[in-house]
Amino acid sequence: MSHSSVSVRFAPSPTGELHLGGARTALFNWLFAKNQGGQFFLRIEDTDLVRSKDEYTDQILAALKWLGLKWDEPLVYQSKRFDDYKVHITNLLGTGQVYRCFCSKDDLQSARDEGHYQYPGTCRNLTDEGVKQRLNQGIGFTYRIRIPDGETHYEDLIYGPITVNHGEVDDFIVVRSDGSPTYNFTAVIDDHDMNITHVIRGEDHISNTPKQILLYQALGFDVPTFAHLPMILGHDKKRLSKRHGAPGVQSFQDEGYLPESLNNYLALLGWNPGTEEEILSMDELVQKFNLVQVQKKGAVWDEKKLHWVSGQHMMQANTDFILESIRRINPNWGKGSDISYLISIIEMLKQRAKSLTEFIAQSHYFFHAPESYDTAGLKRGWPDKNVNNRVEDIQSVLNEISIWRKENIEKALKVYAAAHELGMGKIIMPIRLAVSGGLTGPNVFEILDHLGKEDTINRIETALNVLPS
RNA sequence: GGCCCGUUCGUCUAGUGGUUAGGACUCCAGGUUUUCAUCCUGGCAACAGGAGUUCGAUUCUCCUACGGGCUACCA
């Protein structure tokens with residue numbers, strides 16, 4: 001039934017939550033698939049029974065959902081495919097492309113410690129008799145692939161032609177002594193069984209690729225196309241990790257970033273649309289994405305730029321969507337207020353908040369009278385006792401307003417300012433301080449309008465009682 | 001140790017055998033905004049080094065340096 005020619009997969013290992021590098025790999029796979037009208041699959045690489053945890057799988061899936069990277073069914077778990085792998089081992093053993101290795105872990109390790117980095121080939125040419133003997137003695141064994149002479153060449157969609165001499169490729173282990181298959185082996189079989197056409201993954205897999213190609217050939221499978229993505233780096237230019245304090249994707253959600261912001265920034269890390277546009281919606285990313293524009297060089301993670309990108313998306317974001325997103329990280333936000341009130345607050349503030357958490361912080365005074373006043377703001381806006389007299393005047397001016405709308409408020413205060421030959425700043429700063437506790441925020445007349453007359457008058461009253469402090 | 005990959009402003013990047021090497025983030029200085037954010041203007045700031053090819057190299061080739069990755073019975 002599948003008419004699409006392109007199939008890709010993201011294959012995380014559930015040994016930790018989804019990190020930024022994984023998210024970027026997932027995103028690029030997804031974008032490529034969508035751009036090509038292909039399919040995007042997910043495979044959980046849980047062959048490491050010791051380190052894999054279900055809770056990590058759950059976290060990874062949740063993070064991908066949040067990012068909006070929907071995957072096609074079925075979802076593949078490698079741990080459920082051990083029987084499939086076994087069949088291939090039997091065949092490969094039959095043709096001699098795989099052989100049993102009876103070397104112990106310790107022996108191999110000590111050889112490495114002495115500077116012999118490659119497998120010495122101890123068991124490569126054991127006679128049938130020799131094998132039988134060892135089996136009878138009950139010696140544990142692994143399966144290794146027999147790498148033929150020659151060299152392997154492939155064309156990386158991002159890095160170009162890559163050639164490796166087989167002298168550099170070890171007879172690596174494909175099945176451990178406990179019978180479990182290793183990564184390079186399972187990845188090849190799964191990618192084949194899942195009909196993966198393009199393997200898009202991190203650059204750290206470049207040197208695995210020849211090994212896998214050799215495996216494809218031994219198994220008689222078609223070799224897919226490979227594309228390796230450059231790493232995401234920390235400020236020390238080393239691969240980004242927890243050591244850099246790099247958080248999992250989940251925490252970006254908690255910090256109030258919109259998923260499209262993270263996706264947009266992640267896309268810009270190692271890719272560009274070929275134009276000077278930087279703020280792109282998911283649809284635009286899908287439309288413009290291609291592997292040709294992907295960079296070879298690793299890219300340093302820059303939280304500041306993410307923050308800027310986030311601010312751009314906040315400005316453009318749909319108001320209802322922002323409300324929904326805020327409620328997701330803070331279900332109590334604006335509880336008890338009319339939706340229309342909340343909507344108007346969002347429209348006022350989304351221009352100046354760069355994340356949802358900033359937004360929540362900046363919206364506080366729309367729901368609660370200030371409990372304290374910004375110190376630096378007081379210095380400028382309410383420096384001494386003289387201000388109180390003026391504020392009392394203003395309070396009564398406001399009190400006279402019968403139809404409480406921002407135009408009327410503005411007009412009344414301007415009249416007052418003109419009559420007393422005062423700059424508007426002298427009037428607005430103390431009022432802003434009184435109602436919001438600080439000197440930043442949207443148009444002050446609009447704030448008063450939203451707060452309502454009673455609240456405004458009360459907050460000014462409170463300020464008159466406690467200020468200057 | 002070996003192999004593979006990479007190298008343009010601090011960071012993300014554009015770019016061409018001849019360009020004042022462009023943009024974005026950050027930072028700084030102005031302007032607009034009665035505040036803040038936005039917005040506008042301006043500024044700082046890069047082709048790792050050395051050979052070679054060439055009339056001419058940031059661009060092509062080689063070497064060096066530096067950085068990264070892999071070299072596991074991890075993925």
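By convention in this document, chain letters (A, B, ...) are assigned in the order of the sequence lines, proteins followed by strands, and residues within each chain are numbered from 1.
Between A/Y373 and A/W382, the distance separating the two ring centers is not shorter than 6.0 angstrom. Between A/F252 and A/W301, the distance from one ring center to the other falls under 6.0 angstrom. For A/H450 and A/Y365, the ring centers sit 6.0 Å or farther from each other.
The phosphate of B/C36 has neither OP1 nor OP2 within less than 4.0 Å of any side-chain N or O from A/R380. Note on A/K297: a side-chain N or O is less than 4.0 Å away from OP1 or OP2 of B/U8.
Position along RNA chain B of the nearest nucleotide to A/G274 versus A/P181 favours A/G274 as the more 5'-ward residue.
Nucleotide B/C12 holds its P atom 12 Å from the CG atom of A/L268, rounded to whole Å.
Taking only distance into account, the side chain of A/S177 meets the base of B/C73 through a donor-acceptor pair shorter than 3.5 Å. Donor-acceptor pairing under 3.5 Å, judged by distance alone, is absent between the side chain of A/D204 and the base of B/A75.
Within the nucleic acid shown, A/S13 comes within 4.0 Å of sugar-phosphate atoms alone, with no base atom in reach, counting heavy atoms only. A/R51 comes within 4.0 angstrom of a nucleotide base, judged by non-hydrogen atoms across all strands. A/K354 comes within 4.0 angstrom of sugar-phosphate atoms only, judged by non-hydrogen atoms across all strands, and of no base. Among the heavy atoms of the strands lying under 4.0 Å from A/G270 are primed sugar atoms or P, OP1, OP2 only; no base atom is included.
Nucleotide B/G67 has B/C5 as its partner under the Watson-Crick or G-U criteria, with both atom distances under 3.5 Å.
An aromatic stacking contact links A/Y117 with the base of B/G1, defined here by ring centres under 5.5 Å apart and ring planes under 30° from parallel.
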